[in-house]
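Notes follow once the structure below has been shown.
Numbers restart at 1 for each chain; the letters A, B, ... are given by sequence-line order, proteins then strands. Just so you know, these numbers use all the heavy atoms, side chains as well, and skip hydrogens, waters and symmetry mates.
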There are 2 protein chains.
Amino acid sequence: MAVTVRDVAKAAGVSPSTVSRVFTAPEQVQTSTRDKVIEVASRLGYRPDPTARSLRSGRTESLGLVIPDIANPFFPPIVKAMQTRARTHGHTLLVADCDEREADELETIEAIVKKVDGLVLWASTLSDGRLRELAEEIPLVLVNRHVPGIPELHVSLAPGVTQAAEHLRALGHTSCVFVNCSRPEHLRGKAIRETFDAQGLGLVELGPYDPRFETGLHAATLAIANGATAILAHNDLVAVGVLHGLTAAGVDVPGEVSVIGIDDTLLAGLSIPALTTIRISPQAVATHATDLIVETITGSATAQHLVEVGSRLIPRASTGPAPHRA
Amino acid sequence: MAVTVRDVAKAAGVSPSTVSRVFTAPEQVQTSTRDKVIEVASRLGYRPDPTARSLRSGRTESLGLVIPDIANPFFPPIVKAMQTRARTHGHTLLVADCDEREADELETIEAIVKKVDGLVLWASTLSDGRLRELAEEIPLVLVNRHVPGIPELHVSLAPGVTQAAEHLRALGHTSCVFVNCSRPEHLRGKAIRETFDAQGLGLVELGPYDPRFETGLHAATLAIANGATAILAHNDLVAVGVLHGLTAAGVDVPGEVSVIGIDDTLLAGLSIPALTTIRISPQAVATHATDLIVETITGSATAQHLVEVGSRLIPRASTGPAPHRA
DNA sequence: ATGAAAGCGCTAACAC
DNA sequence: GTGTTAGCGCTTTCAT
C-alpha cells in the first residue's frame, strides 16, 4: 500500500518514533534530523494515515455539525464558514443533515458520533435526558437549545427585533403582526411581543405554522383582515410569501403595509421590493460555535459556558412610513 | 474507555472474532450464538469503533464530495440527497467546499482523501494529469468534467435547452440572447447556440461574465439594446438579475421580453414573475453520482463508465408570446 | 534528543 | 462454526 513511518524511518536512518515526532512535535527533534526526515518523507510521498493516528491517539481531528436542513438557505453560509474555521484549528468538519425529522436525529448523530471529537447540535429536538447522556459520551455544544451543564451558543434575535420595533415605531406603525413558525415551547412569539411592547407597539401573533412560502401567502390575507400595517415574518422565505400575498391582493409594499423578514438569506436581497430583514452573521455564528466546541474538547480554561451571538436590522425597501388612517 | 469486542467476547463466553463476525458477517455465525452475542453487546452498550475497523479493513465507509460552493443554492439539495443515498449504501458522506478557488481545491481534496473510500469531484479545476494521478490513488468520479479513463457523470442541459428553444419558437421569438458565465473552454455557449440553431433560432452570446446577480442586471441592458425578445441566463440567480434589470428599465416580462433561467433553485419559484427555468433533478444527480462512486470502489462489473443525467424545461410565468414587431 | 517496545480495537488468515 | 494468531500504521511511555 502506501508509504509508512517505517519506510521513512528506514530511508532516513532514524527510528519510527522520530519520524512520528517530526510530524506531531517537531520542536522535540533536532533541526538537522528533522530536515532530513522531512526531505526523505516528501521524496517518498509520505502522508500520515489519519485512521491509524486516530486509533492510537484517540483523536479524530474532526468536528461534527448536525443541522435540521441544509436546503434552508440560512445554513449553507454557516456550514461554509465553519468548515473554514475548523480548518484553522486543524480539524475537518463533518456535516450531517437530519432532515427536520426528530426520529432521524438520533440516527444521524449515531452515524457520526464515533468519527468526531466533538459535536455541535443545532436546535436539537432530543430530550434533555438524551442530550445529557450524549454529553457524557462526547464533547457537545448546543446551538439555540438550553440544557443546564452543556455548553451553549445562543443566537439572539433580540437586538434585531428591538431595532425592527424602533424602526417601525419611527415610521409611525402601530398595528403589527408576527407570523410565527416556531414550536410553541420556544416562546419566540412571547419574546418578540415583549420587545415590541417595550417600544410601545402592539403585536398580534399568528400561527404557529410551518415555515413555508405558502404560510406567508396565507398570513398576508389574515394580516390585511386584521388591519395590520406591518408584518414581521418567521424568516425570509415566509416574508417573501407575505410579499407575494400582499401583491396578489393589490396591497402596496411598503406604501400600505411594511414587511420584515428574518435571517438575511439570499432571498432578501432579491425580492421586489428588497426585503428589510434581521441579519444573523454566519461568520460570527460559525466562529463562535467552532471555537466553543474546540475549547470544550480541549477542556480549555478560557472556555465560556454560554456564548451569545447577536443580530441586527438590515433596512431595505420593504418597509416605509405607515399609511394615514382612513 | 469504551466497550470493546474483547469485553463482549468475555461476557458472552465466545472469542473476539465471533463477536466481530456477528457485526460484519452475521450469516457465518450460528443463530443461537449470534443472538447471545447481540444480547450481551446491547446490554454492555457495545458500538464498533469505526476507526479501528478502518485501520484493519482498509475501508472507511465514507464517501467524499467536493463542490465549488455550498452557498450556491443549486448544491444543497444535491448534498442532501447524496447524504441520504450514501447512507443506504452504509456510507457516510463527507462534504468539502473548495470555495471556487482552484488553489484551494487540491488542499481541500488533500484534507479528506485519506478519510474516504472514494471521491466525487464536481466540475474539478484540476489538470487532467493531476486527476489521473489522483484516480490512481483513490476511486474517483468526475461530474461535468471529462478525463479519458475516469468514471464520469455528465449532467446534460441539452434536453432542457432543446425544450427551451422549442418553447420560445412556439411563442414566436426569433431574437434570443444567452448570458454566459461559464469558462470559455466549457463550450457551453457553443453547445447552446447549436441547439437553438437546430430549432431555426438565432442566439447571441454575451459574456463570459461572473455568475452574479449584477451580471443579470447588466446583461438586461445589453439585451434590450440588442433588440432581443428572449433571454436565457446562465443560472437562476443571473436570470433574477435580468428580471430586475428589465423591470428597472420599464420593460415588461413576459410582455416584451421573456426570461429563462437554469437550475430550478428555490429562487425560480419565488421571483416575480415566477421564472421559467431548466430543471436538473437533484435526486437523479445524487443517486447516479453516489451509485457510480460506490460501483467504482467495489469494482462492480455492472459499472458504467459514463452516466448521463438530463434536464427539462419548467415553464412558469416569465415566458410568453413574442411582442409584435414595431 | 532519540530508540525500543507496546498496543489502540478491530478483522482476516488460518487452523481446528 | 468458532478460536487462535497476527498485525493494520501510528503514537507514546520508558529508557538511554
Side-chain angles (χ1 to χ4, degrees), chain A residues 1-41 44-62 90 92 113-117 137-138 298, chain B residues 1-41 44-62 90 92 113-117 137-138 298:
Chain A
M1 252 258 305
V3 185
T4 75
V5 265
R6 292 164 104 114
D7 300 327
V8 177
K10 202 163 293 177
V14 298
S15 80
S17 1
T18 300
V19 176
S20 172
R21 276 188 278 254
V22 166
F23 288 91
T24 53
E27 72 284 358
Q28 288 181 26
V29 178
Q30 206 155 9
T31 317
S32 57
T33 319
R34 192 198 308 163
D35 291 348
K36 186 174 189 182
V37 169
I38 289 176
E39 186 270 316
V40 171
L44 264 47
Y46 169 73
R47 317 288 306 151
D49 179 338
T51 304
R53 182 176 273 187
S54 295
L55 181 57
R56 179 64 240 229
S57 69
R59 281 169 276 115
T60 63
E61 315 284 274
S62 293
T92 303
V113 67
K114 290 274 204 173
K115 300 188 163 195
V116 298
D117 295 336
E137 187 183 339
I138 187 174
T298 59
Chain B
M1 250 256 305
V3 186
T4 75
V5 265
R6 291 164 104 115
D7 300 327
V8 177
K10 201 163 292 178
V14 298
S15 80
S17 6
T18 299
V19 176
S20 171
R21 276 187 280 255
V22 165
F23 287 90
T24 53
E27 72 284 358
Q28 288 181 27
V29 178
Q30 208 154 8
T31 317
S32 56
T33 319
R34 192 197 309 164
D35 290 348
K36 186 172 189 181
V37 169
I38 290 176
E39 187 270 316
V40 172
L44 264 48
Y46 169 72
R47 315 290 304 152
D49 179 338
T51 305
R53 182 177 273 185
S54 295
L55 180 58
R56 179 64 238 230
S57 69
R59 280 168 277 117
T60 64
E61 317 282 273
S62 293
T92 303
V113 67
K114 289 272 206 174
K115 299 188 165 196
V116 298
D117 295 336
E137 188 183 335
I138 187 173
T298 59

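- Rounded to an integer number of Å, the gap from CD of Glu61(A) to P of dG9(D) is 20 Å.
- Looking only at distances, a side-chain donor or acceptor of Asp7(A) sits under 3.5 Å from a matching main-chain atom of Thr4(A).
- No side-chain heavy atom of Tyr46(A) sits under 4.5 Å from any side-chain heavy atom of Val40(A).
- Going from atom CZ of Arg6(A) over to atom C1' of dC8(D) covers 11 Å, rounded to whole Å.
- Atoms CD (Glu27(A)) and C1' (dT2(C)) sit 15 Å apart, rounded to a whole Å.
- Among the heavy atoms of the strands, none lies under 4.0 Å from Phe23(A).
- The side chain of Val29(A) sits closest to dT2(C) out of dT2(C), dG9(D), dC10(C).
- Straight-line distance from the NZ atom of Lys10(A) to the C1' atom of dG3(C): 15 Å, rounded to whole Å.
- Proximity note for Thr4(B) (side chain, C-beta onward) versus dG3(D), dC10(C), dG9(D): the nearest is dC10(C).
- Distance alone, capped at 3.5 Å, places no donor-acceptor pair between the Arg21(A) side chain and the Val29(A) backbone.
- Within 6.0 Å of atom NZ in Lys36(B), 12 or fewer heavy atoms from other residues, nucleotides or ligands are found, so the atom counts as exposed in its surroundings.
- Across all strands shown, Thr33(B) has heavy atoms under 4.0 Å from sugar-phosphate atoms exclusively, and none from any base.
- Rounded to a whole Å, the CG atom of Leu55(B) is 6 Å from the C1' atom of dG9(D).
- Phosphate contact (OP1/OP2 of dG3(C), side-chain N/O of Thr18(A), threshold under 4.0 Å): present.
- Ser20(B) places no side-chain N or O within donor-acceptor distance of the main-chain N or O of Pro16(B), the cut-off being under 3.5 Å.
- For Lys114(A) and dC8(C), the NZ to P distance is 15 Å, given to the nearest whole Å.
- Out of dT2(C), dG9(C), dT4(D), the shortest distance to the side chain of Gln30(A) is found at dT2(C).
- Distance check, rounded to the nearest 0.5 Å: OG1 of Thr51(A) to CZ of Arg53(B) gives 13.5 Å.
- Ser54(A) OG to Arg56(A) CZ: the interatomic distance, rounded to the nearest 0.5 Å, is 12.5 Å.
- Atom CG in Asp35(A) sits roughly 11 Å away from atom P in dT2(C) (whole-Å rounding).
- Set against dT2(D), dG9(C), dC10(D), the side chain of Arg53(A) has dC10(D) as its closest nucleotide.
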Short heteroatom pairs, N/O only, protein and nucleotides 12-16 of chain C, under 3.5 Å:
residue : atom : partner  : partner atom : Å
dA12(C) : OP1  : Arg59(B) : NH2          : 3.1

